[in-house]
Structure formats: structure tokens, C-alpha cells
Amino acid sequence: MPAIRLPDGSTRTYDAPVTAAEVAADIGPGLAKAALGAKVDGVLRDLAAPIETDCELALVTAKTREGEPDADALFLLRHSAAHVMAEAITNLFPGVQLVYGPPVEQGFYYDMALPEGTAISSEDFDRIEQEMSRIIEEDRPFSRYEMPLARGMEKLRTEGSKYKLDNAERAADAGSTELSWYATGTPGTHWEDLCRGPHAPSTGRIGAFKVMSLASSYWHGDENSDRLTRVYGTAFADRKQLKQHLERLEEARKRDHRVLGRQLRLFHIDEQVGQGLILWSPNGAVVRQQLQEFISEELRKQGYHQVFTPHIGKLDLYRTSGHFPYYQDSQYTPIVDRVQIDELAREGCSCGDLANRLEQGEIDGYLLKPMNCPHHIRIYASEQRSYRDLPLRLAEFGTVYRWEQSGEIGGLTRVRGFTQDDAHLFCREDQIAEEVRGCLSIVKLIFGTLGMHDYRVRVGLRDPDSTKYVGDPANWDKAERACRDAARELGAKFTEEPGEAAFYGPKIDFVVKDVIGREWQLGTVQVDYNLPERFELEYIGADNARHRPVMIHRAPFGSMERFVGVLIEHFAGAFPCWLAPEQVRVLPISDKSEAYAAEVLAKLKALGIRATVDDGSERIQAKVKVATDMKVPYLAVVGPRDAENREVSIRAFGIERNLGSIGLDDFLEAVDAENSSRGGTRLVDRFDAGTH
RNA sequence: GCCACCGUAGCUCAGUGGUAGAGCACACCCUUGGUAAGGGUGAGGUCGUGGGUUCAAGUCCCAUCGGUGGCUCCA
């Protein structure tokens, strides 16, 4: 009967169906005790699930060989912990309706509908945890039982569980012919939940857990549907892993760009200025400026032309582009001429009328620009273009404004005014592949220089079943191929996502994670067949006929705000020397060395190095501490001895000791070289100090 | 926009109805010290804002603005 192949290559044959638990017991009592679940032909199952046919079986235990928690084990533990939490909350909050409680990357959550007038608050976490502990201590088995679809539905209807019934209907739509429940203990006696499984064998296996946070969610993710309460928790096999997890969260908080932004005085968001509007302090402005210069240099090398365009444009421009009114909800409201407003007021025009007439195009106004493309398009259209002019690449660090929902705004990653490293490439159909490749080469260079390798690439392709797309399908095929090939050449991990293309063309997105694991889209490269059409762009071809160019929108780093936010976290605030707001701080031992310190400073400044002197009356220990807190890459300590020998004594951020002395001229040369090569050569490498 | 939580000195935070606190930062003084904080003194707050309850509100209630986590959204 079943021949079961194990990961070590051996095979066990059984005369009758067995469970994974029995196989584990056959292999050894230690494994039987440690097993949480089983992978049968790669599918995660209950330990108690019967195995009837030949298969490959791997038993899931909490620890991998590398000592990291096993992903499947965490899945089982967290899914099970979600049930335990749901039971605990059901006990404590009568009338709760359960909705859905899956494991997620950092733990699990459970969505539930609370009776009108009740609410869970974070002050309830303690008693929820206590109740959970009680259930876990009882070490009740997770017992699965099944029912044919119709009977199962009937049961749910009788119980009046609206949301579970919906879940069951969805399962039925997906082709399920039966429904399964998991009782936490004995079916009929203990708490149970409609659930596909799988689960850990019993509640006692949940070694450590914690209720983490509260949130609201919408049923089916639809904001017009029921509002649900979502409780987040996490679970691990043991306390040590949980503790490690919590410590990691704490560490992450320290490198959160909002925390570092304040500490290092990089940027400021001011209530009096407005939500989501970033004020770049001098330190942050340096970082942004250095990045922009770096990017600009590369753009020049690639034949881009930089342009400048204003922050507003006529509403009609955006009617032509389609941004207004299609994306009206995410734009600031239009600015209407004062004289016209006065006139309208005299006519008794209401706000509603005004909005309506703006929409109808009866009144013109100006819009804070939500995108730079229309302005760039008008630059393209300002001259007659020949095929010889193409590709024309217009670049601008263009600032745009979008009305983001207030609950979305935060830090540098989601803002209402931001500067894109934008460019629009106007090219011929046959130039798309080359241009897309060029866009990605900039990304590769800049991410490479910054040491950012942990990003993923999404290639958005059209949905083959949809007809919403503009442009010739044959061209789409070519453009999609160009995007896919360029992404492959880039060498980063990428996924193709059909249906994720914009209606006007395929695109490539770059996605990175922040310190708390949230993903952010940085840049994008999009092929666009639509706007050239809307603006009736043309060029004269070699055949002396008029042709329509294709546009490529590209902002590989998205916005300077978000990109710098991600960079702050990437470097934990310790920028490499070439990017650092302050590159060198000169620290005189006492005021006896002030003159020499001033000389060192003057020489650094003459080279364009961003340097300061700390000539306070503190002791050197204090000066080092303060400079280190500000994460200054290099400290040049100077005392009488150094002045005598015309040397400086160097300390580099991240290396917790004095590296030793170096001649002043050597030092200047090394810092200059590091700065101008953007870290190509480094001062620390002159010392036998390793890296930082 | 929705739900929960939070808002006290420049920053980090304590303060459960009875006359506002600490550390750091800041100013001044002493200290002239060789690599992660020497010592002293001082200044600094209508407790986010507006209402209400109360003899009395930082503290309780309502509204509003802002922040955090999530949901939804993101051309």
C-alpha cells in the first residue's frame, strides 16, 4: 500500500493507510514528539491526516538545521494560535462573530465583527492573553471533522454565522465539495471553527505568543462593506524565538527613518505647514542633493536633457491628458482665478455648481500638477520633431502634489508633495527595447553604488482576457517582451504579473521593504501608447510622413522623499561618506590645538568636504560620543602631538576605536578620493581596520 | 476616509481629580582633559486646540487638529 519516501531518500512501506504521526513514531520518539505537521508531496497537512497513496513525506518541526524557525512550523503554530485567540475573545466578548483568521508574515490575525457598541481595546490584551494561556495549558487537540457541502452549509445557516457562511460559499465556488471544521478539543464540546487547516496537533504546542495590535478592516476588503475588528498576534515555538522577534522589532524601530530623521535632523514635518509635506532640513537636503547630482550625472551620460517646469498648469492640460477628471479624487482641488471666483459669487454660484462646472469644462482653472508628463509633452510638441531627434529624453526632478488619504500619510514614504526623478522618453516603436534597457542600467548602477541589493522587480503585463488596453496588440507584445528582457538582464529577482499593466502600456516597478517589513514601490518604467495619442504627438519619419511616437515614463527611484526614507533605513542613518551630511568632524583635544584644528578644517573645506570643528570645552570622550551619535563617518582628532607631526588621528563610524594617525596631506587626499569616487576608494582602507 | 491607540519642556518620557517633574539638549561658570558623556548653576511648559462636567481637570466627557499601527487607496 502506501510507499512513503522520506527526505533522506529512504522509503517506508505500509500495509494500510497511515498518518504522518504514525510514520514519525516509527522513525523515532523524538521526532514524534517534535513534529507539528507534515508535508505530503509538498503540501502542508495535519499530522493526523491519513496517507493512503505513495508520496513524499517530510515531517515539519519547529527548527531548521540553520536554527531559524521553520516557515511551515510557524504557519501551523500561528494558524493554531489564531484559533486559540479567537476562542479566547469569543469567551471574553459574547456575541462576537468570527470572520477570518490566517497566519501572516510576522504572525497572524483574526478578523471579527463585534456586537454593536462593544470594542476591544489594547487594555484587553492582558486578559485575552491570560485566557489564551489557559486554553494552551489545557493542551487540547485540534480535531478536524468534515461534512458534505450541503450539510455543512445547513449547519452554518442554523448557527447564523453570516461570515462563515460566506467563507463556505466561496469555498464552494472554488470547487470544494465538503467543508471542514477544527474543534479545539472534542467536536461538539469545545469551541470550533470552520477552517481548511492544517493545524498543529494540539494547543499545548504553541510555545510562545503575544497579542500585538488592533486594527480595523473591511469585509472582503471593501470599504462599503461591514467594518471588522482585526486583532494581530504572533506566535513561536518557544519563548526564546518570541523574545528574539520582539527585540528585532525594537531594533527596527531604532532605524525607522522617522526616528532617525529627527535624531539626525534630516527632515521635519510641521503641523503648521501641513500633513504629508516634507521640510528638508539642511542635513537631509545634503543627502538629497548628493543623490540628485549622482543621478543627474548618469542622465547626462545617457543623453538626457534636463528641463524645468512649473508646479501648476491649466486644468485643460489635464483634461487632455486624462488626469482630470479621472483621478480627481487624488488631486488637490483646482485653483480658480480670483476675478472669476468673484463673478461666480455674484451670480450666486454654489460650491457644488463650481465643482460641477469645473468638471464640465465650463470654468477653467489651474491644477497643482499631479504628474510631470503633460508639461514635458508640451515641450516635445513645441517644435517639429524628426525621426532623427528621437529618442528625445526630457528629465526633471519634478515636484508633484497628490491628495493622499489622511490615514495613509506618514514619514517620507507616503506624502502629499514629492519630487520625482522623472523623465519622459519620446521614441520610435523600434527604440523601446533599447530605451527600457537604458532605464534599468541607471537603476542597476545606482542601487549597486548604494549597496541596495534587496529589491524586487515587478513586470506588469496586460491581462489577456481584458479589452481595456489601448494600442496595437502586436506593439504590446513587443513592449512586453522588451520589459521582460530588460528585467531579466538587470539580474534582480523579478516576477511577471499579468493584469498589472497600466491600461496604456506595460511597466516595470521596483519594490523595496522598510524596516517594519512593509513594501514600498520606488521607481517605475512604463511604456505609454496613450498620451502621445491624446496629445496628438508626431514626428516626421524617414518616409517624410507623420508618425506617432511612443512615450516611456520613468522615475527609477520614485520620489526623492520615499527614496531617501528607504535609504535612511538601509544605512540605519550611517550614510557613506559621499552622501553624509557631515563627512568629517575635527575634534581638538583642547583649545591648545584649536589653531591646528582650524587649519585642518580650512583644508577640508577647500576640497569641498563637508566638515566642522567641535571646539567646545568638553573632553575628547564627550566629543567622540556626540559625533558618533550623529553618525559622522570620520572623526579627525587633533592634539598637540598631531599638530607637531602634522598628522590627524582618525576614527571611523562603526569601528569603535582609534584607527591611528595619518599624515594630514594623506588624509586630505584620501577623503577627497573617497568623496569624489562615491566610495570607490575609502579612507578606512588605508588602515588595517576592515570595513564599516 | 475607516478602526484602535497616542499627544506633557527642543528631544525621550514620568505624572489615575487637589498649585507641573526627570534625563538629554540649551545658556553661563569651573575644568585644558588623547578616543562612546568631568562638575556646578540657570533658563525653559496657558500639559495639541476648543468646548463641557466639577469647589477643583494634564488627569473625566464631547468635538477638532496632529501622530502611530492596520484597512482601503496609490495614474
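Below, read A as the first sequence line, B as the second, and so on, with proteins coming before strands; counting in each chain starts at 1.
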Looking at [N], I'd like to know if its phosphate oxygens (OP1 or OP2) sit under 4.0 Å from a side-chain N or O belonging to [X].
X        : N     : value
A:Arg265 : B:C11 : no
A:Ser590 : B:G33 : no
A:Arg230 : B:G69 : no
A:Arg258 : B:U68 : yes
A:Arg402 : B:C73 : no
A:Gln275 : B:G67 : yes

What is the nucleic acid contact for [X], judged by heavy atoms within less than 4.0 Å: base, sugar-phosphate only, or nothing?
X        : answer
A:Ser321 : nothing
A:Gly274 : nothing
A:Tyr326 : nothing

Within the structure provided, determine whether A:Asp111 and A:Trp219 are in side-chain contact (heavy-atom separation under 4.5 Å).
no
In the structure I gave you, are the side-chain heavy atoms of A:Arg227 and A:Tyr218 within less than 4.5 Å of one another anywhere?
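Yes; the side chains approach each other to less than 4.5 Å.
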Under 6.0 Å between the ring centres of A:Tyr469 and A:Phe503?
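Centroid distance A:Tyr469-A:Phe503: not below 6.0 Å, so no.
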